[in-house]
Amino acid sequence: MGTALDIKIKRANKLYHCGEVLTGVVVITSKDAVQHQGISLTMEGSVNLQLSAKSVGVFEAFCNSVKPIQLINSTVEMVKPGKLPSGKTEIPFEFPLQVKGNKVLYETYHGVFVNIQYTLRCDMRRSLLAKDLTKTCEFIVHSPPQKGKPTPSPVDFTITPETLQNVKERALLPKFLIRGHLNSTNCIITQPLTGELVVVNSDAAVKSIELQLVRVETCGCAEGYARDATEIQNIQIADGDVCRNLPIPIYMVFPRLFTCPTLETTNFKVEFEVNVVVLLHDDHLITENFPLKLCRL
């Protein structure tokens, strides 16, 4: 067994807010005594922006604007060069989660074209013959809660062949009438999106009804913006030809890390939408789109 390096954060959920102190221990396990050139701990937080394949080449200026945005970066030396005994050595640490100047710690978010991530990295430098050891550990940052409750914004919707957009041959569509409502499009991220849907009538049999959660990520600068929508999750709320006039509940939980409070900055935006998708037996696909505004309380 060689020398093993590990970082253990005190909080099991690894969840922190700006201004709090990150505490834990660095654990070094070795069969023999270990000679080292110093052990340091680095806290990093950054926004990584990436362009989709369709945008590359459209804006040459993007090459400059898609550099990672650094939110936090600080290093402390934990142990000066020396020797560690054999067995298990635990070195405790306390790291304040503070930002410099007017920077903001955005909430942790794992997207496709926008990625906001915070990590602790421990480096143990060793002599030329022995390889340096590095261990990285991610922790989660939540944005401060919004003051005051969001105003509920219920939405009622009716879907018929006449209300659909982007239809080439409307006359060929079967007749249908679907009604429903969302209790609010201003959503608290820790609470589910709720509502109901009713198939009043449909000439064609219904195959499936789904809820699709979509993230809309925008990266760019003054020269132009690239806006990309990608699916986060898809939940089937009805299977087969549903009974007419039967209320079908709409219930969707927002997944952790893949969603965050709606975010708008000068270089990037993260927004969310939900699609109600009805698939008929003759493979007609009916989609109704609703923009959502997510916040944290």
Side-chain angles (χ1 to χ4, degrees), residues 15-19 45-52 55 65-66 68-72 97 99 102-118 138-157 180-195 210-222 224-235 250-277 287-297:
L15 177 60
Y16 289 85
H17 295 87
C18 185
S46 64
V47 182
N48 288 302
L49 304 176
Q50 195 182 329
L51 288 183
S52 62
S55 307
S65 66
V66 188
I69 302 164
Q70 205 168 71
L71 304 174
I72 191 167
L97 196 53
V99 284
N102 57 356
K103 287 191 176 175
V104 179
L105 288 188
Y106 304 121
E107 183 156 325
T108 298
Y109 166 72
H110 293 185
V112 179
F113 306 107
V114 177
N115 219 31
I116 305 170
Q117 203 166 10
Y118 298 88
E138 184 181 6
F139 63 95
I140 313 297
V141 171
H142 273 183
S143 54
Q146 179 183 304
K147 292 179 176 69
K149 269 200 159 186
T151 317
S153 53
V155 172
D156 291 313
F157 59 89
H181 71 264
L182 297 176
N183 292 330
S184 181
T185 53
N186 280 348
C187 305
I188 299 164
I189 202 164
T190 50
Q191 293 175 11
L193 171 75
T194 55
E210 292 157 11
L211 285 180
Q212 185 185 39
L213 183 63
V214 172
R215 63 193 142 211
V216 182
E217 297 165 326
T218 309
C219 309
C221 56
Y225 285 87
R227 188 174 186 272
D228 293 280
T230 47
E231 183 185 295
I232 300 173
Q233 66 180 9
N234 197 318
I235 298 172
I250 287 173
Y251 189 95
M252 180 185 270
V253 174
F254 296 108
R256 190 169 175 248
L257 303 182
F258 297 110
T259 54
C260 66
T262 302
L263 190 56
E264 190 169 338
T265 74
T266 47
N267 289 84
F268 66 95
K269 281 198 290 190
V270 181
E271 298 162 300
F272 299 92
E273 296 173 352
V274 69
N275 291 327
V276 175
V277 181
T287 305
E288 193 75 4
N289 175 275
F290 304 94
L292 301 177
K293 188 169 192 302
L294 302 190
C295 68
R296 187 173 291 286
L297 280 191

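Just so you know, residue 1 is the first one in the sequence shown, and it goes up from there. Here the structure is a predicted model, which means the values were calculated and not measured.
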Flag for Asn183-Thr194: side-chain donor and acceptor within less than 3.5 Å: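 Distance-only check passes for Thr194 and Asn183.
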On a heavy-atom basis, which atom in [X] and which in [Y] lie closest, and how many Å separate them?
X	Y	value
Asn267	Leu49	O-CD1, 4.2 Å
Val99	Leu71	CG1-O, 4.0 Å
Gln146	Cys295	OE1-CB, 3.0 Å
Val112	Glu217	N-OE2, 3.2 Å
Gln233	Val253	NE2-O, 3.0 Å
Thr262	Leu292	OG1-O, 4.1 Å

Minimum side-chain heavy-atom gap Thr190-Leu297 below 4.5 Å: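 With C-beta onward as the side chain, the pair stays apart.
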Sub-4.5 Å side-chain heavy-atom contact between Leu263 and Val114: no
From CA spacing to verdict: ring pair (Phe, Tyr, Trp, His ring centres under 6.0 Å), Phe268, Tyr106: CA-CA 12 Å; Phe268 66 95; Tyr106 304 121; 5.5 Å; yes
Near-ring test Phe272/Phe254, centroid separation under 6.0 angstrom: no
Salt bridge (charged side-chain N to carboxylate O under 4.0 Å, His left out): pairs with one or both residues in residues 254-271, sequence neighbours excluded: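 Residue pairs with at least one partner in residues 254-271: there are none.
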Heavy-atom donor-acceptor pair, Ser143 side chain to Glu107 backbone, under 3.5 Å: no
Side-chain donor or acceptor of Asn186 paired with backbone N/O of Thr151 under 3.5 Å: yes
